[in-house]
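Naming convention: chains lettered A, B, ... in sequence-line order (proteins, then strands); numbering from 1 in each chain. Atoms considered below: every heavy atom in the structure, side chains included; atoms not considered: hydrogens, waters and symmetry mates.
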Amino acid sequence: MDPLTWTGALSFLNPVFLTAGALLVIAFLVQFLLGLFGMKSGELIIQHDGTALRTRTPMDYIGYVTMGALLVALACILAYALVGMLLPGGSKGIIGHISARLLPVWIGMAVVFALSITFKRRLGLYGKLFDSTVGMIGFGIVLFWIFTAIFYQMILTHEPLTAVSGLKNKVPGTPVPEGTEGLEWYLLGGDNLARDVFSRMVAGSWEVMKIAPFATIFAFMVGITLGLPAGYYGGKLDTFLSFLANLILAFPVILLFYLLVTPEIVASGLPRYMAGVLFLFPIVFLVVLFNSRYFTDPMKRNLYIGLSLLIGGYIYLGVAWNADPFGLISMPGNILVVFVSVVFVNSPTVFRIVRGLALDIKTRDYVAAAQTRGEGPWYIMLWEILPNARGPLIVDFCLRIGYTTILLGTLGFFGLGLPPDSPDWGTTINSGRKLLSIYPHPALAPALALMSLVLGLNLLADGLREESLKD
Amino acid sequence: MGLFLVRRIGTMLLTALCLSFIVFYLTNLDSNLEKLAKFQGNSRMSDEEVQGWLANNGFGQPMVVRYGEWLGVVPGWTREGDGGEVVAGRCVGLAETPAEAPSFCGILQGYWGESTVFRDSVASIIGTRLGLTAKLMLWVMLLMVPCALLIGVLAGMREGSRTDRTLSTVSIATTAMPEYVSGVILIAIFASSAVGLKWFKGTATSAMDGANFENFFLPVLTIALYGMGYIARMTRASMAEVMTAQYIRTARLKGVSFPNIVMKHALRNALIAPFTVIMLQFPWLLNGVVIVESLFNYKGFGWALVQAAGNNDIDLLLGVSIVSVLVVLITQLISDIGYVYLNPRIRIS
């Protein structure tokens, strides 16, 4: 087998792509600098005799160049990915092979985007996201990683933990020895233990996706359950809870991780007790939520509360105490520690945000109206204040998933909590950094993956913020 | 203002006290002490021997008493020999003879303990390491703050323009790059001997003695990038808000030129909010320092934290934690006072 090149049989496109890319960068920089010095684009002027006159400035011409170069570059990328996918085996480049492996992801993304754009007028805030370019790009990137995580078993080319001898630190596109299972090449090269970088990156997305969103949800449940009463009641409760939150926030995050995620602390059982407390909050939240709404309708209330207690309690026993009576749900000890410390670090910030929002919203007229109607305090908090605070909370939720991803990476980077051969991105960056200046590719792939996911989440949050401010 | 200050400082001291106790508790768990005993004494000690060693070295008392000793409000432990004279104790090493040793020795008396890994006093280790990190932080601040303010002001002065959109996207992109990602990318581009440009060095070890552009720019840039985006976005929001204010419109209608409006009228008011943000960035910068010092092998304060935590060096870890918590709390205090001082509306009321 010959080593693969990046673009394979499509290499005749490379000069076109590089020229277009260089042109794009130069034109964009010129445009930016001219804009900085106050040059404006041409305008449409209606003259006195009723005819319209379109003025053109150099800005417009540079704009045409930028757009043209952008289109050519995008067409090249599309060709690399699409045509590369269809070429026969050996003439595919690395990009073509990766694109072909990611086929389930492309299909999933296409379906979601087609459905969402078709029905976007009926989908509320989510639908409005598709009116903003930035939001769509962000959503696209996030969706890409979600589908990669879901289909990671189909995408990976080799086992992420298996080493193939002779492929230590090999460059992208190196063929594997005869008789090795999986694809004939290491698409993104091998790492310092001769494992496939591409497969580890793909498997790492699953490691991140199974912790980050759930940890963020838990942090929000804790923050909301404590932040609403702190903001609504104020007084001593607020002082006490705010003091606690500030206490945690005054710790530098890394110090907290080093104190919480060491083998000694884990052996002392502290994380499990913390999990026992923190994981109670979602159940408390749901019970209070249903009770405050349906207490006038005991049948419905008992049904909802019973369901949340039963399902929540079952999951709680399994996850927090590893005591699921049927042995179906459990969480490995090290994942639990990581999960708990990430929730613990995030919840004070959520608490502060929710408290601030509650302080602001409780002065509104509809809250006064509810108080006059004689509604209970928890009804007002959960069914009047919380729905009206959803905009900023949704935006912060997206940002916070990104931040949680960064925190998970930090934990992996310092080798805390997760096992040393875990394929998650932080651990992979950590193991690749020792030989970084000689073999950059093993650390670069997970670094770029982490960056793109967080960037996607930030852009998504930005798009959501813009769209939710419009109405 | 006076009452506000007193209350703020009171809360700060209380917070510091609580946090130091939490750190003390977490670093002095039984398993940590057992590890310490085996490290200091003999790795094959039996459980009774470990207990004996701990009792002989002052770890036999309750946690609260030991915390008091460490803080310097409870007399240090002493062990008396057969004749009733003091043969060992927490403070004995500080004086020529055991009899002259002070009875209190803790943080409040300026005694930080001894590091078991570096075989040196914690105070001197922290002093050296903090000096190195201060050098790093100084350059980070010198690079980050002007760049961030410039980006924010340029983006915010014409909200919605092409300049604004470009710069906002850039600042979003930098906040998506934690230090361990941007550091890896920067090293791969600028320092890698395989494919890179080889402009800079991928390690900053030599920068501890003589920092120059070649060996110090990458670590500084790595920390600065992550914080820059956040400050720039705050500055942009603040600037955009000021630019819509009535007095700016008045100035425009009077015919003041645009550069003059930005420089003389808007800038001062727009920089109040970023000041608080810059101060509150310190805890985050501390994270960045730990990551970057590990990545670039720069043996500063963050490196000392990693070493202390990794090697069960209890006194050093306590010292490092207290210093970092104090840095965070003091910057929060400065940010609060500065906000009140800079904002005339709050200052007068």
Can you tell me which portion of [X] sits under 4.5 Å from chain A's heavy atoms? Options are side chain, backbone, both or neither.
| X | value |
| --- | --- |
| B:Ile291 | both |
| B:Ala173 | both |
| B:Leu26 | both |

What residue, out of [options], has the most heavy-atom pairs lying under 4.5 Å from chain A?
| options | answer |
| --- | --- |
| B:Val290, B:Leu154, B:Ile22 | B:Val290 |
| B:Pro178, B:Ala308, B:Gly183, B:Cys18 | B:Pro178 |
| B:Leu329, B:Ile185, B:Val327 | B:Ile185 |
| B:Leu317, B:Val325, B:Ile172 | B:Ile172 |

Distance (rounded to the nearest 0.5 Å) between [X] [atom1] and [Y] [atom2]:
| X | Y | atom1 | atom2 | answer |
| --- | --- | --- | --- | --- |
| A:Leu399 | A:Ile353 | CG | CD1 | 9.0 Å |
| B:Leu295 | A:Leu436 | CG | CG | 7.0 Å |
| A:Ile137 | A:Leu459 | CD1 | CG | 7.0 Å |
| A:Leu270 | B:Leu29 | CG | CG | 7.5 Å |
| B:Ile189 | B:Ile187 | CD1 | CD1 | 11.0 Å |
| A:Phe414 | A:Ile254 | CZ | CD1 | 4.0 Å |

### Query
Quick one: ring-ring contact (aromatic ring centres under 6.0 Å, His included) pairs with a partner in residues 446-468 of chain A, sequence neighbours left out?
none
#### Entry: Sub-4.5 Å side-chain heavy-atom contact between A:Leu460 and A:Leu129
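Result yes, sub-4.5 Å side-chain heavy-atom pair found.
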### Message
I'd like to check A:Leu453 versus A:Phe144 (side-chain heavy atoms, cut-off strictly below 4.5 Å). Are they in contact?
### Response
no
Tell me, for [X] versus chain B, whether the close heavy atoms (under 4.5 Å) come from the side chain, the backbone, both or neither.
| X | value |
| --- | --- |
| A:Ala443 | both |
| A:Ile406 | both |
| A:Leu33 | neither |

#### Entry: Step-by-step side-chain contact (heavy atoms from CB on, under 4.5 Å) determination, B:Leu17 to B:Tyr67
CA-CA 11 Å; B:Leu17 210 64; B:Tyr67 174 67; 3.9 Å; yes
### Message
Would you say CE of B:Met263 has more than 12 non-hydrogen atoms from neighbouring residues, nucleotides or ligands within 6.0 angstrom?
### Response
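No.
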### Task
Flag the one option from A:Gly35, A:Pro252, A:Gly456 with the top tally of heavy-atom pairs under 4.5 Å to chain B.
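So the answer, after comparing A:Gly35, A:Pro252, A:Gly456, is A:Pro252.
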### Query
Which one, A:Gly402, A:Pro446, A:Gly409, leads in non-hydrogen pairs under 4.5 Å with chain B?
A:Gly409
#### Entry: Working for side-chain contact (heavy atoms from CB on, under 4.5 Å), residues A:Val454 and B:Met177
CA-CA 8 Å; A:Val454 179; B:Met177 280 197 285; over 6 Å; no
Can you list every donor-acceptor pair under 3.5 Å that links chain B to chain A?
unit_1   : atom_1 : unit_2   : atom_2 : d
B:Lys35  : NZ     : A:Glu264 : OE2    : 2.5
B:Thr175 : OG1    : A:Asn458 : ND2    : 3.4
B:Tyr180 : OH     : A:Ile406 : O      : 2.6
B:Tyr180 : OH     : A:Thr410 : N      : 3.3
B:Ser192 : OG     : A:Ser437 : O      : 3.2
B:Ser193 : N      : A:Ser437 : O      : 2.7
B:Ser193 : OG     : A:Ser437 : O      : 3.0
B:Arg233 : NH2    : A:Asp462 : OD1    : 3.0
B:Asn287 : OD1    : A:Val253 : N      : 3.4
B:Asn287 : OD1    : A:Ile254 : N      : 3.3
B:Ser294 : O      : A:Arg433 : NH1    : 3.1

